[in-house]
There are 2 protein chains.
Amino acid sequence: MSDMIRGYTDTIILAQLLRHDSYGYELNKAVAQASGGLLELKEATLYTTFRRLESAGCIRSYWGDETTGARRRYYAITELGRALYRENCADWQTFKTIIDTLLQGEEEP
Amino acid sequence: MSDMIRGYTDTIILAQLLRHDSYGYELNKAVAQASGGLLELKEATLYTTFRRLESAGCIRSYWGDETTGARRRYYAITELGRALYRENCADWQTFKTIIDTLLQGEEEP
DNA sequence: AAATATACATTGACAGGCGAGGTATCTCCG
DNA sequence: CGGAGATACCTCGCCTGTCAATGTATATTT
């Protein structure tokens with residue numbers, strides 16, 4: 001079930017941008033690589049998430065000054081984005097504990 | 001963000017039914033209690049999930065023989081349900097590792 | 001008689017993920 | 001030169017799972 005990913009794309013992207021500014025294509029590769037190829041954001045998801053995060057004021061974008069190759073839109077995390085990231089990480093820790101507890105399905109003796 | 005829960009209701013329910021047959025209302029309370037009140041399935045979600053799992057052959061239902069009080073529809077996990085549960089648990093372990101890795105957003109030195 | 005708890009169920013809205021499709025640039029190979 | 005493939009961006013529309021709202025019925029408590 002790949003809708004486990006639901007609700008994490010935001011945080012995953014924010015985590016990457018926390019390291020350094022990045023652009024869609026690169027960020028996507030970084031995520032794929034960091035997850036050992038197990039998880040990759042789909043382009044449609046990636047870009048709609050960028051839009052969402054930007055209009056929420058969690059990231060901001062600017063065009064790179066490539067003199068060659070395709071243009072790149074870079075994204076940077078904002079202070080609001082950092083706050084959201086911290087909150088989401090805390091939520092993740094809590095959630096993890098809850099699910100771990102709930103998934104201890106043990107049969108009757 | 002409560003759409004972290006997305007994709008786990010199935011597994012949570014299956015985990016409960018693995019312990020013993022149960023019915024909606026009771027199962028719901030059990031989950032709420034087990035999670036320390038931090039997570040509760042909404043009734044609409046609960047019942048639509050029952051429908052989904054049943055038509056997928058992962059659970060089966062039967063009416064309780066209450067002589068008093070409201071009628072109860074009990075659910076039991078099937079072999080298919082057990083298989084799904086095992087699979088989902090494995091997925092959860094994998095997913096947990098991936099997210100933990102990805103959320104290590106460290107700033108540049 | 002009314003409120004509360006138990007117990008089940010459906011409808012319709014909403015949001016996020018994503019398949020499919022599209023644009024443009026640059027490099028490499030034959 | 002032409003075509004394939006990588007880089008790089010973007011959008012439309014569908015699908016699916018969650019959930020607020022609403023409704024039913026029974027039993028107990030006040």
Side-chain angles (χ1 to χ4, degrees), chain A residues 1-14 16 21-33 35 38-56 58-59 61-75 84 88 91 95 98-99, chain B residues 1-14 16 21-33 39-56 58-59 61-75 84 88 91 95 98-99:
Chain A
M1 201 75 85
S2 85
D3 65 356
M4 278 188 175
I5 225 262
R6 184 106 167 194
Y8 296 97
T9 43
D10 289 18
T11 319
I12 290 168
I13 288 173
L14 292 175
Q16 291 296 321
D21 290 11
S22 188
Y23 57 95
Y25 201 81
E26 184 191 55
L27 193 146
N28 208 197
K29 297 285 178 197
V31 169
Q33 205 232 312
S35 72
L38 292 171
L39 184 148
E40 69 157 317
L41 305 177
K42 303 302 151 61
E43 290 200 8
T45 306
L46 185 69
Y47 291 110
T48 53
T49 305
F50 278 145
R51 298 284 157 274
R52 189 171 55 242
L53 286 174
E54 186 161 28
S55 51
C58 294
I59 59 176
S61 67
Y62 55 94
W63 287 104
D65 58 352
E66 284 68 49
T67 50
T68 178
R71 80 232 148 109
R72 298 170 178 168
R73 189 198 280 273
Y74 282 85
Y75 294 93
L84 179 61
N88 286 0
D91 283 355
F95 185 72
I98 295 173
I99 299 297
Chain B
M1 200 77 86
S2 86
D3 65 354
M4 275 187 179
I5 226 259
R6 186 104 168 196
Y8 295 97
T9 43
D10 288 19
T11 319
I12 290 169
I13 288 173
L14 292 175
Q16 290 296 319
D21 290 10
S22 187
Y23 56 97
Y25 201 82
E26 184 191 55
L27 192 146
N28 208 197
K29 297 285 177 196
V31 169
Q33 206 232 312
L39 184 148
E40 68 157 319
L41 305 176
K42 303 301 152 58
E43 290 200 9
T45 306
L46 185 70
Y47 291 110
T48 52
T49 305
F50 278 145
R51 297 286 157 273
R52 189 171 54 241
L53 285 173
E54 187 162 27
S55 49
C58 294
I59 60 176
S61 67
Y62 55 93
W63 286 103
D65 58 351
E66 285 67 50
T67 50
T68 178
R71 81 232 145 108
R72 299 171 178 169
R73 188 197 282 271
Y74 283 85
Y75 294 92
L84 179 61
N88 286 359
D91 284 354
F95 185 72
I98 295 173
I99 298 297

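Order of the sequence lines sets the chain letters (A, B, ...), proteins ahead of strands, with each chain counted from 1.
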Exercise. May I ask you to decide if the ring planes of A/Tyr23 and A/Tyr74 are parallel, tilted or perpendicular, using 30° and 60° as cut-offs?
Key: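 Ring orientation, 0 to 90° scale: perpendicular.
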Quiz item: What orientation do B/Tyr8 and B/Phe95 show, parallel under 30°, tilted 30 to 60°, or perpendicular over 60°?
Solution: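 B/Tyr8 vs B/Phe95 ring planes: tilted.
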Check every atom of [options] against the side chain of [X] and return the nucleotide holding the closest atom.
| X | options | value |
| --- | --- | --- |
| B/Ala44 | D/dT11, D/dA20, D/dT18 | D/dA20 |
| B/Thr45 | D/dA20, C/dG17, D/dT18 | D/dT18 |
| B/Arg52 | C/dG19, D/dC19, D/dG17 | D/dG17 |

Quiz item: Just to confirm, is there a sub-4.0 Å distance from OP1 or OP2 of C/dT10 to any side-chain nitrogen or oxygen of B/Thr48?
Solution: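 For C/dT10, OP1/OP2 do not have a side-chain N/O of B/Thr48 under 4.0 Å.
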Quiz item: If only atom types and distance count, is the side chain of B/Asn28 paired as donor or acceptor with the main-chain N or O of B/Glu40 below 3.5 Å?
Solution: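 Side chain of B/Asn28 to backbone of B/Glu40, a donor-acceptor pair under 3.5 Å: no, none is there.
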Practice problem: Kindly write out the residues that satisfy side-chain contact (heavy atoms from CB on, under 4.5 Å) with A/Thr48, not counting sequence neighbours, or none if the list is empty. | Solution: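 Residues passing side-chain contact (heavy atoms from CB on, under 4.5 Å) with A/Thr48: none at all.
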Practice problem: Tell me, please, which residues at least two apart from B/Arg52 pass side-chain contact (heavy atoms from CB on, under 4.5 Å). | Solution: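 Scan of B/Arg52 (side-chain contact (heavy atoms from CB on, under 4.5 Å), adjacent residues dropped) gives B/Thr9, B/Asp10, B/Thr49.
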Quiz item: Using a cut-off of 4.0 Å between protein heavy atoms and nucleotide atoms, how would you tag nucleotides 2-8 of chain C 5' to 3' with B, S and -?
Solution: ----BBB
How close or far is atom [atom2] of [N] from atom [atom1] of [X], stated in whole angstroms?
| X | N | atom1 | atom2 | answer |
| --- | --- | --- | --- | --- |
| A/Leu46 | C/dG17 | CG | P | 11 Å |
| B/Phe50 | D/dT18 | CZ | P | 13 Å |
| A/Met4 | D/dT18 | CE | C1' | 17 Å |
| B/Lys42 | C/dT11 | NZ | C1' | 18 Å |
| B/Glu66 | D/dA27 | CD | P | 11 Å |

Self-check item: Along DNA chain C (nearest heavy atom to each residue), the more 5'-positioned of A/Thr67 and A/Glu40
Solution: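 The residue mapped nearer the 5' terminus is A/Glu40.
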Practice problem: Please check if any side-chain donor atom of A/Gln16 sits under 3.5 Å from a side-chain acceptor atom of A/Ser22, or the reverse. | Solution: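 There is no such pair between these side chains.
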Exercise. Decide yes or no, distance alone: a donor-acceptor N/O pair under 3.5 angstrom between the base of C/dG17 and the side-chain of A/Arg6.
Key: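 Under the 3.5 Å cut-off, the side chain and the base do not form any donor-acceptor pair.
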Quiz item: Between B/Asp91 and B/Thr11, is any pair of side-chain heavy atoms under 4.5 Å apart?
Solution: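 The answer is no, as the side chains (C-beta and beyond) never meet within the 4.5 Å cut-off.
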